[in-house]
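A short write-up of the structure that comes next.
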Protein chains: 2
Amino acid sequence: MTQIETDSHMDGRDTTVDTPGGADTTGGAAGDAKGTAKATRRPRRVTLSRESILDAALRLCSREGGAVLTFSRLGKELGADPTAVYRHFRDKDDLVLALTDVMIVEAVQRARAGAPPRQQWREWLLTTVRSIRSVYLERPALAVLAATRTTASPVESESVEEIIGVLHDAGLPVAQAAESCRALVDLTLAFTQYTAAFQILDEETQAKDDRAWAVKYATLPAARFPLVHASAARLTELFRNDDEVFELALATFLDGIEAKIQRARG
Amino acid sequence: MTQIETDSHMDGRDTTVDTPGGADTTGGAAGDAKGTAKATRRPRRVTLSRESILDAALRLCSREGGAVLTFSRLGKELGADPTAVYRHFRDKDDLVLALTDVMIVEAVQRARAGAPPRQQWREWLLTTVRSIRSVYLERPALAVLAATRTTASPVESESVEEIIGVLHDAGLPVAQAAESCRALVDLTLAFTQYTAAFQILDEETQAKDDRAWAVKYATLPAARFPLVHASAARLTELFRNDDEVFELALATFLDGIEAKIQRARG
DNA sequence: ACCTGAACACCGTTCAAGT
DNA sequence: ACCTGAACACCGTTCAAGT
């Protein structure tokens with residue numbers, strides 16, 4: 001079961017419940033003590049809003065929620081009929097896009113909060129893309145759906161302007177700064193989706209993958225695979241440590257940017 | 001409808017059909033002329049095999065097939081009951097893993113066929129990762145499922161040994177060659193999954209994304225977004241041109257590897 | 001105006017029945 | 001031994017019915 005606390009229900013001034021007692025996802029044991037008959041199922045009528053639905057969806061897809069985004073799960077989380085969501089979002093994709101927007105805004109906010117001065121371009125870029133990755137990976141099931149999508153979010157445009165600015169100030173011509181920005185952001189989103197896609201596989205499937213790796217490395221003859229054998233320690237360290245592989249790829253990419261800057265200056 | 005030609009049915013010596021006339025996916029108009037009553041549905045009994053199932057699945061997921069991998073679609077393609085596949089694969093994941101193996105083998109073969117001498121390490125690596133990407137993107141619906149998975153395929157181990165060897169010969173210490181290999185391969189698989197994930201979205205959804213982009217760029221005031229405005233031409237060129245963005249990221253990454261090699265040499 | 005619930009066309013998977 | 005087909009618990013989505 002993927003039951004999680006629903007106290008964040010309370011902060012929404014638009015999330016109201018007609019019938020006293022609220023949705024049956026609140027309370028738990030306390031709610032049972034209050035009920036008169038066993039499982040009194042009064043026909044409750046919940047009032048939804050875009051905000052309360054987005055909140056519930058984000059909770060559902062969080063690492064603790066650990067669930068795939070589904071109308072039935074969403075309905076249960078909201079204490080409403082699953083199809084009620086269609087009164088606020090045209091279809092599932094519309095919902096996903098709204099959620100993507102929320103994550104982009106959160107990622108940009110987090111980046112700004114932790115960013116060093118723009119002159120330290122490398123550290124500044126690292127902070128920015130790590131923020132994107134961390135916000136997305138807090139909801140793996142959503143990251144898989146959101147990573148590939150574009151929204152018309154103004155805050156994203158601001159962020160692109162900033163990134164290009166940092167690269168330009170570091171010494172790249174505008175066009176090169178723009179294409180480097182694009183490559184960097186897509187590299188980040190791609191790696192993030194890649195990691196999320198593995199994380200949302202069920203335990204058993206992930207375990208199967210791990211076993212395949214272990215078997216492979218146990219049976220490789222050192223004579224025919226001398227280099228794999230020599231670097232087995234490092235390869236094992238990196239196995240399923242996607243964060244470290246991402247950092248490695250990112251560092252190498254930024255070394256490439258540095259070389260590009262040198263060339264542009266000289 | 002996603003009907004595709006099924007002539008490759010004929011090349012499988014293990015794909016046999018009991019009842020003359022074969023599966024109703026063959027022939028088309030010609031088959032109608034042969035039939036006596038309208039849509040004579042004799043209870044045909046098809047003999048399947050792992051190979052014939054894998055063939056059908058690959059056809060289904062090909063860019064021309066344009067379909068998501070589904071038991072019912074697979075059954076239709078095979079002219080058999082969908083659940084018959086369970087006699088040859090434990091579950092869907094087992095099937096996906098077998099298909100992943102096929103693609104890995106094909107990717108390595110393609111890489112070897114087109115590879116320049118190992119001494120040209122940069123071109124050699126480019127050829128190798130482009131082969132992976134092109135083989136995977138020929139079946140976008142499968143690429144999405146396969147990119148994150150590991151199989152115990154021996155040919156993959158050989159390939160890893162080769163890649164580490166090329167990087168080592170280029171001047172990197174073994175451990176650095178191993179981690180760079182890992183970063184490069186994951187960068188490629190991640191970008192490939194990223195592209196495939198967008199490609200399998202239905203037309204309408206892709207169009208919605210394109211519209212979001214167009215709207216965003218039409219409404220950005222040049223005064224507040226001078227750099228985006230200045231590089232609009234380049235940004236538009238790169239929009240939804242994932243291949244070019246991948247090549248850009250790849251080139252920058254390899255520049256970084258080159259810098260690493262210089263440093264390692266002294 | 002907005003939530004409910006039956007209904008539909010799909011999913012993957014299981015299992016008894018056929019051959 | 002292996003394919004068939006009914007059945008089940010899920011998906012997203014539509015629509016008439018309730019309040």
Side-chain angles (χ1 to χ4, degrees), chain A residues 1-2 14-19 22-24 41-53 56-57 60-61 67-99 141-142 144-145 200-202 204-205, chain B residues 1-2 14-19 22-24 41-53 56-57 60-61 67-99 141-142 144-145 200-202 204-205:
Chain A
M1 284 295 124
T2 56
D14 37 34
T15 305
T16 57
V17 178
D18 283 0
T19 22
D24 62 3
R41 274 219 164 261
R42 277 166 291 180
R44 45 204 178 155
R45 216 181 138 87
V46 179
T47 301
L48 305 175
S49 70
R50 283 181 71 94
E51 272 69 30
S52 68
I53 292 170
L60 217 47
C61 294
V68 162
L69 184 61
T70 274
F71 277 86
S72 70
R73 263 189 269 259
L74 191 50
K76 208 168 290 173
E77 179 73 20
L78 288 162
D81 190 274
T83 64
V85 177
Y86 282 92
R87 239 57 52 198
H88 299 87
F89 297 93
R90 192 154 40 79
D91 52 21
K92 191 180 181 183
D93 192 62
D94 196 27
L95 176 60
V96 167
L97 245 32
L99 291 164
L142 191 50
V144 166
L145 302 173
I200 62 169
L201 297 174
D202 54 90
E204 172 50 37
T205 308
Chain B
M1 286 293 123
T2 55
D14 39 30
T15 305
T16 56
V17 177
D18 283 1
T19 21
D24 63 2
R41 274 223 164 255
R42 277 166 292 181
R44 43 203 179 153
R45 216 181 138 87
V46 179
T47 301
L48 305 175
S49 69
R50 282 181 72 93
E51 271 71 29
S52 68
I53 292 171
L60 218 45
C61 294
V68 162
L69 183 61
T70 274
F71 277 87
S72 69
R73 261 191 269 259
L74 191 49
K76 208 169 288 174
E77 179 73 21
L78 287 162
D81 190 274
T83 64
V85 176
Y86 281 92
R87 240 54 56 197
H88 298 87
F89 296 93
R90 191 154 40 80
D91 53 20
K92 193 180 179 183
D93 192 62
D94 195 27
L95 176 61
V96 167
L97 246 31
L99 290 164
L142 190 51
V144 166
L145 303 173
I200 63 169
L201 297 174
D202 54 271
E204 173 50 37
T205 308

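Only heavy atoms go into these numbers, but all of them, side chains included; no hydrogens, no water, no symmetry mates. Below, chains carry the letters A, B, ... as their sequence lines are ordered, and counting in each starts from 1.
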Quiz prompt | Interatomic distance, Lys76(A) NZ vs dT4(C) P [rounded to whole Å] | solution = 14 Å
Practice problem: Using whole Å, report how far CZ of Arg50(A) lies from P of dC2(C). | Solution: 13 Å
Quiz item: By side chain to side chain contact (heavy atoms under 4.5 Å, CB included), which residues pair with Leu145(A), not counting sequence neighbours?
Solution: Val96(A)
Exercise. Give every residue pair that meets the side chain to side chain donor-acceptor pair (under 3.5 Å) criterion with at least one member in residues 85-99 of chain B, sequence neighbours excluded.
Key: Lys208(A)-Asp93(B), Asp93(B)-Arg149(B)
Practice problem: Report, as a single string ordered 5' to 3', how protein heavy atoms within less than 4.0 Å touch nucleotides 9-19 of chain C: B base, S sugar-phosphate only, - not at all. | Solution: --SSBBB--B-
Self-check item: Sequence-distant partners of Ser72(B), side-chain hydrogen bond (donor to acceptor under 3.5 Å, both in side chains), two or more places apart
Solution: none
Quiz prompt | Separation of atom CG in Leu78(A) from atom C1' in dC3(C), rounded to whole Å | solution = 12 Å
Quiz prompt | Shortest non-hydrogen contact from Ala141(A) toward Val68(A) | solution = CB-CA, 4.0 Å
Quiz item: Under a 3.5 Å cut-off on both pairing distances, which runs of 3 or more consecutive Watson-Crick or G-U pairs involve DNA chain D?
Solution: C:4-8 with D:12-16, C:12-16 with D:4-8
Quiz prompt | Closest non-hydrogen atom pair, Ser52(B) against Leu78(B) | solution = O-CD2, 3.6 Å
Practice problem: Search all heavy atoms of Phe89(B) against all heavy atoms of Ile53(B) and return the closest pair with its distance. | Solution: CE1-CG2, 3.6 Å
Quiz item: Residues two or more places apart in sequence or in another chain: which of them pass side-chain hydrogen bond (donor to acceptor under 3.5 Å, both in side chains) with Thr83(B)?
Solution: Asp81(B)
Exercise. Please report the closest heavy-atom contact between Ala57(B) and Leu74(B), naming both atoms and the distance.
Key: N-CD1, 3.7 Å
